[in-house]
**Q** 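Sharing a structure, written as structure tokens. Questions coming.
Note that the structure is predicted; figures quoted are calculated from it, not measured. Counting starts at 1 for both ligands and their atoms, in listed order. Keep in mind that the numbers below use all heavy atoms, side chains included, and drop hydrogens, waters and symmetry copies.
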Amino acid sequence: MTSTSKARESIRIDAESYRATSCESRVLFLIIHYTQLNLEQSIETLTKGNVSSHYLITDEAEPRILRLVDENLRAFHAGLSFWNGHCNLNSASIGIEIVHPGFITQADGSLSFLPYPEQQIDVLMMLVRDIVSRHQIRPDRVLGHSDIAPQRKVDPGPLFPWQRLAEAGLILWPDKTQVEAQEKAFSDKLPDMKWVQAMLAKLGYDIEQDGESSVFTKRVITAFQMRYRPSLYNGLVDAHTAALLAVLNQEK
Ligand SMILES: [Zn+2]
């Protein structure tokens with residue numbers, strides 16, 4: 001017997017007499033992904049490789065929720081990531097992977113994203129609701145992989161129905177009337193890049209505030225548009241994008 005196991009046998013912890021009120025779940029974020037693999041490959045990769053997720057939603061006719069990692073343990077789904085001052089979000093998040101092919105690459109190199117089956121989203125909604133309520137995750141912390149790693153990732157993609165999560169009150173979402181009003185104001189004069197970068201940074205995105213329209217900034221704007229304005233995600237600032245940014249930052 002080792003000295004460690006001897007110590008473990010003799011230790012007595014009273015966990016019942018007192019309970020501190022000042023505490024919260026270690027889980028602050030919920031991160032949504034697609035696997036870009038079929039079910040069999042997804043299970044293989046997420047259980048035997050060096051990546052993992054807490055949950056996997058299958059793409060069967062009646063999708064199942066598989067738990068691959070206990071919620072008390074850290075899964076390896078986020079990689080190098082950042083949101084609002086928090087780095088490496090694996091430590092503080094629960095990861096959900098959805099079995100989904102993602103996109104088809106066209107001959108010209110552009111990506112055609114594929115829609116999610118309704119049943120898969122129904123199951124996902126139940127899971128998200130459950131996790132958010134158990135861990136009291138804030139609406140501005142339910143995110144896609146592309147939000148926390150916009151330079152590397154595009155999942156869950158522009159066809160992921162963020163709007164449905166918004167309607168269920170699970171994520172931060174801009175008020176439509178306010179966006180319309182702001183859009184009118186921005187139509188006369190678009191804000192400069194420094195303002196756009198500051199607004200994205202305030203929301204939580206990892207972005208350099210140098211006022212430059214660099215490829216890095218463009219990727220962050222694309223990630224933002226995929227989530228909030230999926231009909232056009234070209235990474236360019238227009239009045240609607242500026243309005244969304246302004247309203248979201250007011251609501252936050
Ligand atoms: Zn991912």
Side-chain angles (χ1 to χ4, degrees), residues 27-59 63-71 73-84 86-105 111-117 120-121 123-125 127-128 131-132 135 137 140-162 164-165 170-171 200 203-207 216 218-228 230 233 235:
V27 177
L28 303 178
F29 298 91
L30 179 59
I31 311 297
I32 299 169
H33 308 255
Y34 59 55
T35 59
Q36 236 182 312
L37 298 167
N38 67 30
L39 177 56
E40 199 186 329
Q41 294 163 333
S42 298
I43 292 173
E44 178 82 14
T45 303
L46 292 168
T47 59
K48 295 182 180 152
N50 53 6
V51 291
S52 59
S53 66
H54 296 90
Y55 296 98
L56 177 67
I57 298 182
T58 72
D59 61 349
R64 288 177 298 152
I65 302 170
L66 306 177
R67 184 163 64 215
L68 309 178
V69 175
D70 190 284
E71 286 187 8
L73 299 176
R74 174 161 48 166
F76 299 107
H77 58 96
L80 257 188
S81 49
F82 177 94
W83 190 257
N84 220 358
H86 297 259
C87 303
N88 297 321
L89 298 184
N90 282 336
S91 309
S93 68
I94 285 180
I96 302 176
E97 288 274 3
I98 305 169
V99 178
H100 185 270
F103 53 81
I104 297 167
T105 309
L111 309 181
S112 278
F113 284 89
L114 302 166
Y116 287 84
Q120 228 181 1
I121 298 303
V123 168
L124 173 89
M125 289 287 294
L127 180 60
V128 171
I131 295 169
V132 162
H135 293 281
I137 300 175
D140 57 325
R141 290 177 173 176
V142 176
L143 301 163
H145 204 183
S146 52
D147 293 315
I148 60 166
Q151 302 303 329
R152 303 185 295 120
K153 297 290 175 181
V154 292
D155 64 312
L159 295 186
F160 181 80
W162 289 111
R164 274 195 63 184
L165 275 74
L170 296 166
I171 59 167
L200 286 163
L203 276 182
Y205 288 93
D206 185 12
I207 188 164
F216 304 107
K218 213 171 156 184
R219 284 194 199 119
V220 178
I221 297 170
T222 303
F224 173 80
Q225 290 170 331
M226 279 185 174
R227 181 184 175 98
Y228 290 107
Y233 48 92

**Q** Just so I know, are the side chains of Leu159 and Pro230 near enough to count as touching, which here means a heavy-atom distance under 4.5 Å?
**A** no

**Q** Just jot down the salt bridge (Lys or Arg N to Asp or Glu O under 4.0 Å) partners of Arg64, sequence neighbours excluded, or say none.
**A** Glu60

**Q** Should the ring pair Trp83 and Tyr205 be called parallel, tilted or perpendicular, given that the plane angle runs from 0 to 90° and is split at 30 and 60?
**A** perpendicular

**Q** Excluding waters, which protein N, O or S atoms are within less than 2.8 Å of the Zn ion (ligand 1)?
**A** His33 ND1, His145 ND1, Asp155 OD2

**Q** Got a sec, which residues hit salt bridge (Lys or Arg N to Asp or Glu O under 4.0 Å) with Arg74, two or more places apart in sequence or on another chain?
**A** none

**Q** Check the orientation of Phe160 and Trp162. Use parallel for under 30°, tilted for 30 to 60°, and perpendicular for over 60°.
**A** perpendicular

**Q** Any pair with a residue in residues 92-101 that passes side-chain hydrogen bond (donor to acceptor under 3.5 Å, both in side chains), sequence neighbours left out, goes on the list, sorted by first then second residue, please.
**A** His77-Ser93

